[in-house]
Protein chains: 2
Amino acid sequence: MNASSAAATVRQEGEQVENRGEYDPSNPTFRLENSPFYLMAHADFKYHEDMDKVLHKHGVSKPIYRVMTVLREQQPASIGAIAEAALTKRSTISRIIDRMVEQGLVSTEPNPEDNRITEVTLTPAGQQTLRKLTPIVGRQFSRAMVGISNRDIAHLLRTLKKISDNLSKLPIE
Amino acid sequence: MNASSAAATVRQEGEQVENRGEYDPSNPTFRLENSPFYLMAHADFKYHEDMDKVLHKHGVSKPIYRVMTVLREQQPASIGAIAEAALTKRSTISRIIDRMVEQGLVSTEPNPEDNRITEVTLTPAGQQTLRKLTPIVGRQFSRAMVGISNRDIAHLLRTLKKISDNLSKLPIE
DNA sequence: ACTAGCCGAATACATGTGTATTTGCACTGA
DNA sequence: TCAGTGCAAATACACATGTATTCGGCTAGT
């Protein structure tokens, strides 16, 4: 009987709690290089590390690029909505938007139905900048995915979504 | 002929460059929710968001926990080695170590063979704290991985490592 | 109509991080 | 031996972020 099957316990709904073995950070044999979250951070770090250098040449910082990415999907968007999508605090987004307004990348106007809400929109210059940046980002993405099939990417997405779901739903403790 | 096969081009060594379709951030139909890197950031964010709250009750911040995780694997370790493993600048690690020394979590001493190098070691109190934290982190990990098989985790690790490798090796542009 | 409570955004303050520089040590070659 | 070079760590400074608070507008209950 191996360690994996020894600790597998049948729960309600037939759900299995697997022994995570070397993946479990509370296991003494655990190694960082086998940690999904460490590897995510690592991949993400490398991805942005390179890209930032290029983006900066175009006057665009990482947080600004993040905001532009969000705006490309939903426009106009409120400060709060941007903050949520960009995984950043509202106060921070508020100031990033200030800078973007100064740079002429976005414009803001109060929501006519609720004056508390600030709606943010990409200006033509902002859209222009975004279009210029898009192929650069595309190349970086291709570079990252060399040798990885679309099937693998789909699998990766499914797993990552599942993890996010799990962490959103269940309470901690 | 579908879009995927249309753009697949045979390169040297038989390497294929796939059409990434909806995964490609430079594609007009691209959506953030289909972006591997966005989902990595999202999962990582959620994972640490919850954990930080708990760790703070034990007087341990996220960067401090990161350093402790690195030290668990390699001890003693130099400032530079810790910085590299923790994906953080040396100057930042230097100051984090200062705080950890104040808290009695680690001790430092110059490397006897090279006095420029500062070797960092967990104190008994630091090891004690780490042991106390380990099961908490383990629970958070289990929570994140509910419904995900060890096979899927292995697949995730392979893909993430491949991505990191790609980004480390090839030059940008 | 008014007030209390809520909510979104903006701001004051404290803190943490990165960049650039400095300090101190080790190695090399004259 | 000593100057020059290179490297690790520490520090000065500038800047960005988060927390807590404030400001202003919306909404419901009286």
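Here is the naming used below: chain letters follow the sequence lines, and residue numbers restart at 1 for every chain.
Of the residues in residues 103-117 of chain B, Arg116(B), Ile117(B) come within less than 4.0 Å of DNA chain D through at least one heavy atom, sorted by number.
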Taking distance alone, no hydrogens or angles, what donor-acceptor pairs closer than 3.5 Å link side-chain atoms of residues 58-66 of chain A to residues at least two apart or in another chain?
unit_1   : atom_1 : unit_2   : atom_2 : d
Ser61(A) : OG     : Ile64(A) : N      : 3.4
Arg66(A) : NH1    : Ala86(A) : O      : 3.3

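Taking every side-chain heavy atom of Ser78(B) into account, dA9(D) is the closest of dA9(D), dT19(D), dA16(D).
Of the two residues near DNA chain D, Ile96(A) and Arg95(B), the one whose nearest nucleotide lies more 5' is Arg95(B). Taking the nucleotide of DNA chain D with the nearest heavy atom to each of Ile79(B) and Leu87(A), the more 5' of the two is matched to Ile79(B).
Remark: C1' of dT17(C) and CZ of Phe45(A) are 12 Å apart, rounded to the nearest angstrom. Atom NE2 in His56(B) sits roughly 12 Å away from atom C1' in dT19(D) (whole-Å rounding). Atom NZ in Lys89(A) sits about 15 Å away from atom C1' in dT15(C), given to the nearest Å. If you measure from atom NE2 of His48(B) to atom P of dG18(D), you get 15 Å, rounded to the nearest angstrom. One can place NZ of Lys53(A) at 14 Å from C1' of dG18(C), the figure rounded to the nearest angstrom. Computed from coordinates, the Arg66(B) CZ to dG16(C) C1' distance equals 13 Å when rounded to whole Å. One interatomic measurement links the two molecules: CD1 of Ile93(B) to C1' of dG16(C), which rounds to 12 Å at whole-angstrom precision. Here the P atom of nucleotide dG18(D) and the NZ atom of Lys62(B) are 9 Å apart, to the nearest Å.
Note: Tyr47(A) and Phe37(B) have parallel aromatic rings, judged against thresholds of 30 and 60 degrees for the angle between ring planes.
Side-chain N/O atoms of Ser91(B) include none lying less than 4.0 angstrom from OP1 or OP2 on dG18(C). For dG18(D), the OP1/OP2 oxygens have a side-chain nitrogen or oxygen of Thr92(A) closer than 4.0 Å.
Classification of Glu73(A) and Arg31(B) as a salt-bridged pair holds, one side-chain N sitting under 4.0 Å from a carboxylate O. Electrostatic pairing of Arg158(A) and Asp152(B) does not count as a salt bridge here, judged by no charged N lying under 4.0 Å from a carboxylate O.
Counted by atom type alone, Arg20(A) and Asn150(B) present one or more donor-acceptor pairs between their side chains at under 3.5 Å.
Judged purely by atom type and a 3.5 angstrom limit, Ser94(A) has no side-chain atom pairing as donor or acceptor with the backbone of Arg90(A). Distance alone, capped at 3.5 Å, is enough to place a donor-acceptor pair between the Asn166(A) side chain and the Val146(B) backbone.
Below the 3.5 angstrom threshold, one finds no donor paired with an acceptor across the side chain of Arg90(A) and the base of dG18(D).
At a threshold of 4.0 angstrom between heavy atoms, the contacts of Thr118(B) are confined to the sugar-phosphate backbone, with no base atom among them.
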